[in-house]
Number of protein chains: 2
Amino acid sequence: MKPGPRRSISQADIVDAAFEIFEEKGGDAVSIRGVAARLGLTPTAMYTYFTSKNALQRAMVEQVFSGLDLAAASDPSVAWRTRLRTLAADLRARFAEHPGAVVLVASGPLDGRQALTFGETLLEGFTSGGMPLADAARATAAVRAYVLGAITLDAAAAGADAEAADAPSPLWTEATQHPLTEAAELLGGDDAFATGLDRLLDGFGLPPVA
Amino acid sequence: MKPGPRRSISQADIVDAAFEIFEEKGGDAVSIRGVAARLGLTPTAMYTYFTSKNALQRAMVEQVFSGLDLAAASDPSVAWRTRLRTLAADLRARFAEHPGAVVLVASGPLDGRQALTFGETLLEGFTSGGMPLADAARATAAVRAYVLGAITLDAAAAGADAEAADAPSPLWTEATQHPLTEAAELLGGDDAFATGLDRLLDGFGLPPVA
DNA sequence: ACCTGAACACCGTTCAAGT
DNA sequence: ACCTGAACACCGTTCAAGT
């Protein structure tokens, strides 16, 4: 079963292997050495494909963005607000599948091809409704910030839950100093992400949709 | 000048030392061993103060939040929108002082005392204007997401600039596939952060301010 | 209680050398 | 061009032992 002389391996194979380790053992466990071992390579060989660990991490971020259906987001036969809702929800869902990958976004510039095209799609959508470019730029920046921030808070909370699961549960809890926060939590609000986005779009004067 | 038998060191001293290394050598260079060395301690002694590196990182996040003037943000004699603008700008400024600390926010739950009080202050502000708690909860979540996301994008961009400075400048650049993005960048828009926040608040029906 | 010393099981990255 | 082996300078964390 021993393979013949190894031909090669693609950058995509490496990114996939990295995500596998990510899912199995968490984000901190993704190492050049570990990924190399999984692929039957020497750590040194990895530097043939990526110049550094950071470069690999940025490729991972790109892969998350690359799953977005940007074609659908550009379809002018659907109201822009509707398309944007879908696009934002998709991005959120993709990061929810890779909890922990959010940290990678914060650790480097969002300047990959896919990430840039994502921004371009937003600008195109806003201007297509007649919004001046300067305003569309602000709307795009705001939407990017809102979506990324919401995703980050999701991931941070998911990490908290994971930790709490194997932590000893306290026998008593401090009387809360945050009564409103506690009351608000009981209200649930699963649609908070969508609602916030819609309010933001309202603020930018985007017409409502049926 | 040799000190007498070492009495001890506070958790705050350790957090300060960690930030010093952060500023000097970047976020990746902050290590338990490095912080210990700076304080004249053995790495093992660090575990007397923090149970893990993660615990230290969360304390660093708390320290960034602890500089906020939450008292001013609760002053009812000023319009809530005005107070919120100031609070958001302050938080952004504090993270701009510690570029790279943003990653730490994403790497764990935002459940420190200061961070929770920050959220409580937002809820209080929104409800004080007569907004129902359920709506205030959504507005709070949206503002937290927007501010955190904007700060994250700031930090990521700052990291990009820092890298670009010592990278070889390319002799030629690919023709851009993103004409709108390029055109939008020329428009600048230094007030994008404030504008986006105001539009978000507009969307949530917060009354405008003089 | 607080600290040290030694050790375990890892890291990212570089460099000379092989084919 | 792509890969290996050996090495450098580090990591976080644990454990037994000292005072």
Side-chain angles (χ1 to χ4, degrees), chain A residues 2-22 24-61 100 103-104 107-108 159 162-163 166-168, chain B residues 2-22 24-61 100 103-104 107-108 159 162-163 166-168:
Chain A
K2 197 173 178 182
R6 210 167 262 291
R7 276 257 163 245
S8 198
I9 266 174
S10 73
Q11 293 201 24
D13 292 333
I14 294 179
V15 171
D16 287 346
F19 268 117
E20 282 171 31
I21 296 176
F22 210 118
E24 288 168 21
K25 308 188 197 168
D28 289 349
V30 177
S31 66
I32 294 282
R33 293 172 110 110
V35 175
R38 173 169 293 241
L39 294 168
L41 292 177
T42 264
T44 344
M46 297 285 289
Y47 290 85
T48 302
Y49 300 92
F50 294 99
T51 57
S52 66
K53 186 182 183 182
N54 205 298
L56 169 57
Q57 290 176 327
R58 293 222 276 249
M60 292 173 76
V61 172
V103 200
L104 303 179
S107 68
E163 275 175 46
D166 51 41
Chain B
K2 195 173 182 185
R6 210 168 260 291
R7 276 257 161 244
S8 198
I9 265 174
S10 73
Q11 294 200 25
D13 291 333
I14 294 180
V15 171
D16 287 346
F19 268 117
E20 283 172 31
I21 296 176
F22 210 118
E24 288 167 20
K25 310 189 196 166
D28 289 349
V30 177
S31 66
I32 293 282
R33 292 172 112 108
V35 175
R38 172 169 294 243
L39 294 168
L41 293 177
T42 263
T44 343
M46 297 284 290
Y47 289 84
T48 302
Y49 300 93
F50 294 99
T51 57
S52 67
K53 186 182 182 181
N54 206 298
L56 170 57
Q57 290 175 327
R58 293 223 277 250
M60 292 172 77
V61 172
V103 200
L104 302 180
S107 69
E163 276 175 46
D166 52 39

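Just so it is clear: chains get the letters A, B, ... in the order the sequence lines come, proteins before strands, and each one is counted from 1. Just so it is clear, the model here is predicted, and its values are computed rather than measured. All heavy atoms count here, side chains included; hydrogens, waters and symmetry mates do not.
Of the listed nucleotides (C:dG5, D:dC11, D:dC3), D:dC11 has the atom at the smallest distance from the side chain of B:Ser31. Minimum atom distance to the side chain of B:Lys53 is reached by D:dT13, of the listed C:dT13, D:dT13, C:dG5. Picking from D:dC3, D:dA6, D:dT13 the nucleotide with the shortest atom distance to the side chain of B:Ile32 gives D:dT13. Candidate nucleotides C:dC2, D:dC3, D:dT14 were compared by shortest atom distance to the side chain of A:Ala45, and D:dC3 ranks first. Between D:dT4, D:dC11, C:dG12, one nucleotide has an atom nearer to the side chain of A:Arg33 than all others, and that is C:dG12. Checked against D:dT13, D:dA6, C:dC2, the side chain of B:Tyr47 finds its nearest nucleotide in D:dT13. Side-chain proximity of B:Ser52 to D:dT13, D:dT4, D:dC2: nearest is D:dT13.
Separation of atoms CD (A:Gln11) and CE (A:Met46) is listed at 10.0 Å; rounding is to 0.5 Å. The line from CZ of B:Arg58 to OG of B:Ser52 is 7.5 Å long, rounded to the nearest 0.5 Å. Rounding to the nearest 0.5 Å gives a distance of 10.0 Å between CZ of B:Arg33 and OG1 of B:Thr42.
A:Leu41 places its CG atom 6 Å from the P atom of D:dT4, with the value rounded to the nearest Å. One can place CD of B:Gln11 at 14 Å from C1' of C:dC2, the figure rounded to the nearest angstrom. Here C:dT13 presents its C1' atom at 14 Å from CG of A:Leu56, a figure rounded to the nearest Å. Computed from coordinates, the A:Asp28 CG to D:dT13 C1' distance equals 14 Å when rounded to whole Å. Between the CE atom of B:Met46 and the P atom of C:dG5 there is a distance of 17 Å, rounded to whole Å. Nucleotide C:dT13 holds its C1' atom 16 Å from the CZ atom of A:Phe50, rounded to whole Å. In this entry the distance linking OH of B:Tyr49 with P of C:dA1 reads 14 Å, nearest Å.
Base-pair partner of D:dA1: C:dT19 (Watson-Crick or G-U wobble, both distances under 3.5 Å). Using Watson-Crick or G-U wobble geometry with both donor-acceptor distances under 3.5 Å, D:dT13 finds its partner in C:dA7.
Nucleotides D:dC10 and C:dA9, compared at atom P, are 22 Å apart to the nearest Å.
In terms of position on DNA chain C, the residue among A:Thr44 and A:Val30 whose nearest nucleotide sits closer to the 5' end is A:Val30.
Between A:Tyr49 and A:Ile9, some side-chain heavy-atom pair lies under the 4.5 Å cut-off.
A 6.0 Å sphere centred on CG of A:Asp28 holds no more than 12 heavy atoms belonging to other residues, nucleotides or ligands.
Evaluation of atom-type donor-acceptor distances gives no pair under 3.5 Å for the side chain of B:Thr42 against the base of C:dG5.
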